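The structure appears right after this line, and notes come after that.
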Amino acid sequence: MIRLRLDGRGVFQILAAVFLLITAISAGVPLSTPAGASAKGKITLAWHAGFASRWLDPQEHDGTATPDNFFTALHDALIKNQGTALYDHPALAEKFAIAPDAKSATFTLRKGLKFHNGEPVTPQDVKFSYENYRGAKADVFKKKTDRIEIVDDRTIRFVFKEPFLDFAILFGTANVAGPGWVVPEKYYKQVGPDGFKQKPIGAGPFKLVRHEPGVKVEMEAFDGYYRPVNAKQLVMISVPEAATRVAMLERGEADIIYNVPGELIHKVSKLPGVTLAPVLSGSFFIEFPGFQDPKNPFRDKRVREAVSLAIDRRAMNQTESGGMGKPTGNWINNDVLYAIEWPEFGRDVEKAKQLLREAGYPNGFDVDWVTPIPAFYSRGERIIAQLREVGIRGRLQTMERGIFFQRLQGGLKEFPGTQIILQGVRIAGSWSFWYEGYFKCGGFNSRDRICVKDLDGKFDQYERSINPAERKKLAEEIQRGILENYYLVPVFRHAFVNAIGPKVVAQKWQDVFPTITTGYAYPWEDLKVKDQ
Amino acid sequence: MTQFVLRRIFYSVVTLFILSATIFLIVRLTGDPVALMAEASARPEDLDRIRQQWGLDRSWPVQYATFMQNAFKGELGKSFNYRLPVSELYFQRLPNSLTLGLAATLISLLIGIPAGIISAVKVNTWWDYAAKGVALLGLSIPGFWLGLVLILVFSVWLRWLPTSGAGDWRHVIMPALALGWYFAASMLRLTRSSMLEVLGSEYIKLARLKGLPDVVVIAMHAFKNALIPVFTLAGVNMVVMVNAAVIIEVIFAWPGIGRLLYEGIFQRDFPLVQGVVIMAGFMIVAINLVVDILYAVIDPRIRLAR
Amino acid sequence: MATIPADTRLAPRRETADKLRALLEAAREAPLLAVVILGGLVLVAVLADLIAPYDPTLPVKGANVFDPPFWMEGGSTSTLLGTDFQGRDILSRLIHGARVSLIVGLMGTLVAGSIGTAMGILSGYAGGWVDQIIMRVTDAWLALPAIVFAIFLAAMIGPSMWNIIAILGGVYWTRYARVIRGEVLTLREREFVKLAEIAGASKLRVIKKHILPNVLNTVTVLASLTVGVVIIAEASLSFLGVGVPPPQPAWGLMLSEARPTLMAGQWWLTVFPGACILLIVLATQLFGDWLRVRLDPQTRNL
């Protein structure tokens, strides 16, 4: 018979001992770093969400504007977007040429390139990375590529079956696809795709020191990089709560924080030594699902125009982005191929009311649901308040993120009756990706909710065309068609507001966020820590 | 006795079985993970490819059978998001969560037990009200708000403690306080009622009759006997704190299991959510099993009664 | 002259001591205080439409966003407690929020109590394997996080206040089940139950006539203690983005939505809803404790 003896002191002692032991273990051992070239100092980035391990492997690029933050530190591509270059900044390739008929592309690697494990970067690795690529738009590359020729030990040529006009854009934009990002073939095969995501080895400016999945990525400067790397250590930590990130910045625990919420912009701008970096980012626009239904009030162009006239874009920008976003004319960002410039839409409540009267709604009408993209609910609330002024009465529908995207996938049947969706997205590369994703009938997110036949017809023509001049003309016609008919109503481009702490060298925020095609602080190798 | 233990183990297995089926079903009804693994420019072909890659194209019974088959081998599947076996992820995070859970349990005991004793011994006095007030306060403030207030005061204003993350003992204080304080109230209640029960018993009355001073009676006898249920509850609370301290771990960017669960749910990482829930269930079942058996060992009547 | 200082030194001290004692005496009626708070909140909730100065879901015309309370610089008496990030009147939102929070708290408790009591009675009265299964499920239920339920229900039926009530009821029933089962186990052995059974009363009748009335005290005590927990849980769900959907003015939602402003110094956005939550939870807890002393046989005989 066991006697149960639990007296208070004993238990406390055991608890305390275990507690201390575990604290000691989890405190960890400090990292010793080998003396590198001239790199010095440590930069800590507080990331605004969780980490997905696939973001460390360009071979499985998910097609979102997220993984480039990690690729650009650990890996490198033949060509990439950097600074004001949209896709053609020469990186691992010192030069490249697209054949005039767009049926081949030839790249020449820099001399003496190395992966973090010391192995040389060879054309064979480039070939492997391209052929083994399984991420977003992989099928496009597969379909169009005929063969890959290794010309010599630094030159590689991609030969296409037909003219591949979008090749360089798809290949070179870090936030679109990943086949141009070079991984070491031997190592990748040795550890496998999953192993690679735990301990990635690349040819980027920083090499991995420690990876705590979902929590932290610790990196240090890679001596073998072809450009000088300024900071010795680069640490990315996942901090989902915005207020906590701001506290970290204020305490000096983080040097760069992403995504300062609207309410804290003013406060952060006043912290000593802190620079705000309001990067123009995603575009927000209004969609009228199923507007072509005869019973839908939005079938009438005048009603859609009235919605546009009712919206106070400047107030939206002021309150939601601290005035640092941009009320836009086009729903497509202007940093992509063939995007057209369009004047900002005006606000005129009286005219909106008149248009509604003309359309047969003197007393306005009810909208079943106004659904903003999660978690931008307050933007939806503002739109509801503004529409109410002209007599359009909507109710807010909130959805958890995963549910929202699943409903979008479900198409029109998930949005019956009279509805408004406030979409918000950033897509890099080409205007056509925006059209395909958010307008085209059958598109990934648009499904069967919009479907304008003549524009879709023109878009097919655009896709088939191999004449750049004709393509440009079609692209502009289609965009005009959408805007003039208010098929989508642009609201504003919000600012992805980041903040730079006093430790990082920055005369102006663009020094740290020079790349216009992203909200992130790359190229990482350029970040410098101030002398003490 | 053996029969009793065997029967208990059998029931525990049934519990875990029910739990696994429930979580398997519920998590699948929360939506499609594939819509979140690809975005904006993906095509239907991409989605099918991802679905196939993760075996999500198979029917639910087949998926469940595979899941259970692996679970018996101690494998909980591979996380969609982290590409690691769930068990490996779980044990990577476990030390952090145990640290937080133990520290928070300590705090809940340190607040709850003294408060419980005070309010049992000094019923309806100001001591009673003050003790109750302190213990109840932690229950009355939403955890995320308390957490942010702590960060504001102790990290930003006073600069005493680091804001977030795991590291040395200073990192543990605020999350453990925010988490443990919430559970202090339940500790207070249980301590107080156990104490009152014990203080009212013949045994204690006898001790008092013998002329032992109150302090001795309380410390030596009443407290000791009141502790068993308190520590049982503390154990179960701790399992919850270790496995589901979602809010506190998010606020303090604490790299524990709660955040694994948080991201798992929002990313529809089915194997991860299933795994964490099964592990938590396993711990709770194990604690209850051990406590049941211990009680049965102490008090043979329990064995016969059931 | 020399003696006066001594007197003046003593007199005020005695006075303050008396005052303090009076205060102590008053506060001994803590349940009374709790009752007053709860009664006041119920009144506010019922009369919300009459007493709230503005529509809680729309911006106040003429007011800015982040107007401070009226006593601070830049504040206005037209919006007494200031405005939030949408320019809505915080006071009106708090008043209407009392309704939402009370409905969520009470209904959530009712759902949890009903499921839990039914399960507890079933478990305790049926015994055998039914009992064992229910008790094991109760154990395992602790491992199912509320957030999983929340997203599950949001996916199935869309977000709403009633959805939140269902979630909270689905989470908190287990504590009733366990306690009620224990009570039923002892009741089952009592003479009057045995007699009723011998007299041929059906099981349902025994439960209705003899078991249920005898566990109601315990249910009441548990319920009073659950209300506060449910209200806190509602706030937590809002933090996780799956709580009462905006723009409904629930206190938990207000607190969660405004949490970044805590760091920016606009304290009135969080402190008022936070204080309301604190008040109602503390009040229900104190009330529950008092009820417990009155109704719970275990502690009644002290």
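Lettering of chains follows the sequences in order, A, B, ..., and the numbering in each one begins at 1. For clarity, every value in this text was computed on a predicted model and none was experimentally measured.
For Leu261(B), the part sitting under 4.5 Å from any heavy atom of chain C is the side chain, from C-beta outward, and nothing else. With a 4.5 Å cut-off on non-hydrogen atoms, Tyr11(B) touches chain C through its backbone and its side chain both. No part of Leu279(C) comes within reach of chain B, as not one of its non-hydrogen atoms sits under 4.5 angstrom from that chain. Interface remark: Ile284(B) contributes side-chain atoms only to the contact with chain C (heavy atom separation under 4.5 Å). Heavy atoms of Ser256(C) lying under 4.5 Å from chain B belong to its backbone as well as its side chain. Proximity to chain C is absent for every atom of Phe282(B), based on heavy atoms less than 4.5 angstrom apart. Contacts between Val276(B) and chain C at a heavy-atom distance below 4.5 Å are absent for every atom of the residue.
Smallest separation of non-hydrogen atoms from Met187(B) and Ala234(B): CE-CA, 3.3 Å. Taking each heavy atom of Gly264(B) and Val273(B) in turn, the nearest pair found is C-CG2, 3.5 Å. Of all heavy-atom pairs spanning Leu286(C) and Ala34(C), the tightest one is CB-CB, 4.3 Å. A pairwise comparison of heavy atoms in Ala283(C) and Ile37(C) identifies CB-CG2, 3.9 Å as the closest pair. In terms of heavy-atom proximity, Arg192(B) sits nearest to Ser119(B) at CD-OG, 3.0 Å.
Of the listed residues (Ile287(B), Val240(B), Leu139(B)), the greatest number of heavy-atom pairs within a distance under 4.5 Å of chain C belongs to Leu139(B). The choice from Ile18(B), Asp128(B), Val239(B), Thr30(B) that makes the most heavy-atom pairs within less than 4.5 Å of chain C is Thr30(B). Most heavy-atom pairs under 4.5 Å with chain B, from the set Ile277(C), Leu282(C), Thr138(C): that is Leu282(C). Among Leu225(C), Val242(C), Thr284(C), the residue with the largest count of heavy-atom pairs under 4.5 Å with chain B is Leu225(C). Options Val277(B), Ile151(B), Ile247(B) differ in how many heavy-atom pairs under 4.5 Å they form with chain C, and the most are formed by Ile247(B).
Residues from residues 130-138 of chain B that place a non-hydrogen atom less than 4.5 Å from a non-hydrogen atom of chain C comprise Lys132(B), Leu136(B), Leu137(B), given in numerical order.
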**Item:** From CA spacing to verdict: side chain to side chain donor-acceptor pair (under 3.5 Å), Asn243(B), Tyr90(B)
**Value:** CA-CA 10 Å; Asn243(B) 289 290; Tyr90(B) 188 89; 2.4 Å; yes

**Trace of the side chain to side chain donor-acceptor pair (under 3.5 Å) decision for Gln3(B) with Arg8(B)** = CA-CA 8 Å; Gln3(B) 205 200 342; Arg8(B) 275 300 141 113; over 6 Å; no

**Candidate pair Gln248(C) and Arg93(C), rule side chain to side chain donor-acceptor pair (under 3.5 Å), full reasoning** = CA-CA 9 Å; Gln248(C) 279 207 62; Arg93(C) 283 180 72 71; over 6 Å; no

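With a 6.0 Å cutoff to the six-membered ring centre and a 45° limit on the axis angle, Arg268(B) does not count as a cation-pi contact of Phe270(B).
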Can I get a per-line list of side-chain donor-acceptor pairs under 3.5 Å for residues 226-241 of chain C, giving both atom names and the distance, sequence neighbours left out?
unit_1: Thr226(C); atom_1: OG1; unit_2: Tyr176(C); atom_2: OH; d: 3.0
unit_1: Thr226(C); atom_1: OG1; unit_2: Leu222(C); atom_2: O; d: 2.6
unit_1: Ser236(C); atom_1: OG; unit_2: Ile232(C); atom_2: O; d: 3.1

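No hydrogens or angles considered: a donor-acceptor pair under 3.5 Å links the side chains of Asp131(C) and Ser123(C).
The only member of Leu278(C), Val100(C), Ile280(C), Leu102(C) that meets side-chain contact (heavy atoms from CB on, under 4.5 Å) when paired with Trp251(C) is Ile280(C).
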